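Computed from a prediction, not measured in an experiment: that's the story for all the values here. Computation of the quantities below employed the complete heavy-atom set of this structure, encompassing side-chain atoms and omitting hydrogens, waters and symmetry-equivalent molecules.
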Amino acid sequence: MASSARSGATASSNPRAWIVAGVAVAGVIVLAEVARRRRRWLRGNSSPPPYSGAFCDRLELAPPPQPPPPAARQQLPYLTFAVSDNFEIEGYVAGFGNPDWKRTHKAASHTAAAVKALLKQGATCVGRTVMDELGFGVTGENLHCGTPINPASPSVVPGGSCSGSAVAVSAQLVEFALGTDTTGDLRIPAAFCGVLCFRPSHGVVSTLGTLPNSHSLDTIGWLARDPHILSRVGDALLPAAACGLRGKRQLVFADDCFELLKIPNQKTVDVIENAVRTLPYGFQPPKHINIGQYICSNVPSLKEFCEPSTKLQEGKSALKALCTVMLLLQRYEFKANHEDWVNTVKPKLGLEVSTRVLQAVNFTDDNIKSLYIVRTEWRAALKNLLKDTGILVLPTMAGHPLKRNSKQRLSSEFEDKMYAFVSIAALSGCCQATVPLGNHNDHPISISFVAAHGSDKFLLRAILDMYSAVQEQIVLASKLALPPVIDRDVDTSELLKEKGNNSFKRKQWSKAIESYSGAIKLNDTNATYYCNRAAAYLELGRFKQAEADCDQALLLDKKNVKAYLRRGTAKESVLNYQEALQDFRHALALEPQNKTALAAEKRLQKHLR
């Protein structure tokens with residue numbers, strides 16, 4: 001006791017001891033106050049942080065403790081995630097992106113099954129994110145909540161409908177985020193915000209506890225910055241039967257889809273092909289396909305939805321018909337789910353969303369059976385194309401995001417291309433992974449990979465294996481040098497041109513291209529060689545290459561009428577009607593009675609009305 005008294009006396013007489021004690025107490029008080037304020041902000045502050053606008057509700061759902069051995073360890077410990085505003089959370093009202101919906105619905109009595117599964121694996125949910133109203137819209141703009149700021153490019157929209165989830169991941173506010181993907185609702189914002197995305201096979205992840213838009217198309221997907229986290233979330237949500245690695249994979253490039261891009265192949269197709277070549281094992285040599293032509297030949301029930309077209313454009317017509325079926329199916333099922341609520345409440349909606357909702361509630365259900373038949377045939381056709389080891393490669397998006405707060409609306413040309421790409425996985429119900437590939441002219445590039453229905457873990461594993469090599473190739477692509485100039489031999493080049501002409505007459509388009517390419521290598525100043533090769537590219541539906549050859553021909557010869565005609569045809573084939581019309585008018589300025597140009601001008605004027 002005497003010793004204790006002496007200790008107390010020493011402490012009381014030692015000012016340093018008091019300083020240390022005071023600092024310690026102050027530290028505890030500060031930490032407690034920080035924790036208190038954090039809890040209060042998370043639970044009580046519904047306004048989004050000013051630097052992103054990603055969240056509409058802040059909350060905290062903590063995971064259960066790690067169970068003791070021999071139980072398996074949690075797969076997602078210490079990771080945070082957010083969910084879009086159509087996920088039910090016990091005790092909260094899911095807003096579905098619209099205050100009228102929130103006002104007319106009660107708090108959920110259960111938490112969505114997918115959220116529960118992630119909590120069980122150790123992840124912490126920190127909030128719900130802004131989305132386009134009722135799961136419609138593709139820009140990410142919300143009349144009521146505002147537009148979340150795209151961290152990858154703050155001057156443009158983030159994409160929708162699950163805009164907030166993509167922004168939260170891109171801004172590093174969470175490690176990953178959930179959303180629903182119906183007609184590109186996750187893939188589009190992933191592309192615009194430069195993050196990874198996985199849309200699983202339809203029906204593989206339970207949608208129990210999410211507000212439906214179209215039950216035949218709705219899937220729960222997720223976004224992440226890191227491919228390992230993307231894969232780990234898949235391990236937590238996907239059933240064991242969702243097919244892991246099953247042999248050497250083969251990439252199948254949808255060349256006609258890449259033709260619709262205004263991005264050089266060196267930054268898209270070449271990046272992926274070169275990356276795969278550097279991998280020591282696991283991939284077969286890639287294949288190339290015209291996916292539109294494949295759809296036309298293998299989905300017979302789609303013909304009643306196709307517009308009349310020439311043989312040259314039937315692939316494009318089939319892609320457009322596929323997205324038409326997808327949108328009609330969405331309208332029919334949205335109407336079945338929500339028509340009564342829309343007509344009773346008459347919610348206040350943004351202009352774009354209002355248009356889509358009206359199209360849905362006014363939809364007449366003729367040919368509904370045909371929509372489901374097309375869906376079944378397309379899934380079987382894609383399975384037959386890809387089998388167990390194939391992975392279809394296509395662009396995620398075909399154009400650039402709109403500027404924020406722009407009065408401009410998406411053009412029909414942009415929407416046709418966008419929905420053509422997203423419908424390939426959406427209508428078939430196949431799984432799709434979206435991977436950012438850097439930028440081109442300050443706009444994001446994104447590539448998608450599609451595998452057969454049920455091949456989800458197989459596809460996630462392939463992305464994980466390719467990702468590092470792809471990132472290396474993105475860097476290399478930005479440093480590409482021009483190829484060396486080859487010595488000319490005019491006589492030989494003319495022989496090759498004639499050989500190409502003979503092959504063209506026999507409809508041997510690939511052989512014709514090979515001969516014309518040989519002529520160009522020997523003499524790259526002859527406009528005719530480029531123009532002739534463009535004609536062969538058009539026959540194969542390789543419109544981007546045809547346009548590039550016509551560009552070169554016109555640099556060499558500004559009065560080359562055939563180059564204007566063929567470039568106009570290429571542009572028209574990728575729905576670039578305005579520029580196509582300009583080319584045909586250039587041809588008419590040189591040859592006023594040219595029948596091809598006159599017919600094209602009349603046809604395009606109808607499109608542009």
Side-chain angles (χ1 to χ4, degrees), residues 255-271 273 288 290 312 440-441 477-505 508-591 594 596-597 600:
D255 284 346
D256 51 326
C257 291
F258 284 102
E259 292 290 342
L260 297 172
L261 291 184
K262 293 184 178 179
I263 300 172
N265 279 356
Q266 290 93 330
K267 290 194 172 184
T268 55
V269 175
D270 293 356
V271 165
E273 285 194 325
H288 292 260
N290 185 312
L312 184 64
H440 177 66
N441 294 338
S478 66
K479 301 176 180 178
L480 281 176
L482 293 173
V485 177
I486 300 172
D487 291 337
R488 300 168 185 169
D489 185 334
V490 176
D491 292 337
T492 306
S493 66
E494 279 296 303
L495 290 174
L496 286 169
K497 184 199 78 171
E498 291 303 320
K499 184 178 178 182
N501 291 346
N502 291 331
S503 296
F504 191 95
K505 290 174 185 176
Q508 297 172 336
W509 320 122
S510 296
K511 286 186 177 180
I513 288 170
E514 186 179 342
S515 297
Y516 294 140
S517 298
I520 290 168
K521 284 182 179 180
L522 295 174
N523 181 3
D524 60 3
T525 61
N526 190 314
T528 301
Y529 301 165
Y530 289 101
C531 199
N532 287 6
R533 189 169 67 174
Y537 278 138
L538 285 174
E539 294 293 342
L540 290 174
R542 295 170 68 177
F543 306 116
K544 185 184 293 183
Q545 286 95 330
E547 183 179 342
D549 273 357
C550 292
D551 288 344
Q552 188 61 37
L554 290 167
L555 283 174
L556 297 168
D557 178 7
K558 293 180 180 179
K559 295 184 178 181
N560 192 315
V561 173
K562 288 183 179 179
Y564 282 120
L565 294 175
R566 288 166 188 171
R567 190 171 71 176
T569 301
K571 288 178 177 178
E572 182 182 1
S573 298
V574 296
L575 311 180
N576 193 348
Y577 298 138
Q578 191 64 54
E579 291 185 15
L581 182 59
Q582 291 174 4
D583 277 337
F584 287 119
R585 283 175 173 170
H586 275 302
L588 286 171
L590 295 168
E591 289 184 9
N594 188 290
T596 300

query = Can you name the side chain to side chain donor-acceptor pair (under 3.5 Å) partners of Q545, sequence neighbours left out?
reply =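 Expected list: none.
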inquiry  = Walk me through whether E273 and H288 qualify under side-chain hydrogen bond (donor to acceptor under 3.5 Å, both in side chains).
reply    = CA-CA 11 Å; E273 285 194 325; H288 292 260; 2.8 Å; yes
Taking all non-hydrogen atoms of both residues into account, name the closest pair between [X] and [Y] and its distance.
X    : Y    : result
D549 : Y537 : OD2-CE1, 3.3 Å
A534 : C550 : CB-SG, 3.7 Å
A477 : Q266 : CB-O, 3.6 Å
A580 : G568 : CB-O, 3.4 Å
A546 : A570 : CB-CB, 4.3 Å
Y529 : Y516 : O-CB, 4.2 Å

request  = With sequence neighbours excluded, give me every salt bridge (Lys or Arg N to Asp or Glu O under 4.0 Å) pair touching residues 550-565.
outcome  =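 Listed by first then second residue: D551-R567.
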Would you please name every residue forming a side chain to side chain contact (heavy atoms under 4.5 Å, CB included) with [X], sequence neighbours left out?
X    : answer
Q552 : Y530, L555, L556
N290 : D256, Q293
S517 : I513, R533

How long is the gap from [atom1] on [X] to [atom2] on [Y], to the nearest 0.5 Å?
X    : Y    : atom1 : atom2 : result
K497 : T528 : NZ    : OG1   : 6.0 Å
K267 : H440 : NZ    : NE2   : 5.5 Å
E547 : T569 : CD    : OG1   : 11.5 Å
L588 : D583 : CG    : CG    : 11.0 Å

State, with a plain yes or no, whether a side-chain heavy atom of [X] is found less than 4.5 Å away from one of [Y].
X    : Y    : value
C531 : N560 : yes
T268 : F258 : yes
L496 : K521 : no
N526 : E494 : yes

inquiry  = I'd like to know if E514 pairs up with K511 as an ion pair, taking the criterion as any Lys NZ or Arg NE/NH1/NH2 lying under 4.0 Å from an Asp or Glu carboxylate oxygen.
reply    =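 Not counted as a salt bridge, because no side-chain N and carboxylate O are separated by less than 4.0 Å.
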Contact list for residues 551-582, test ring pair (Phe, Tyr, Trp, His ring centres under 6.0 Å), sequence neighbours left out =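 Passing the test, one end in residues 551-582: Y564-H586, Y577-H607.
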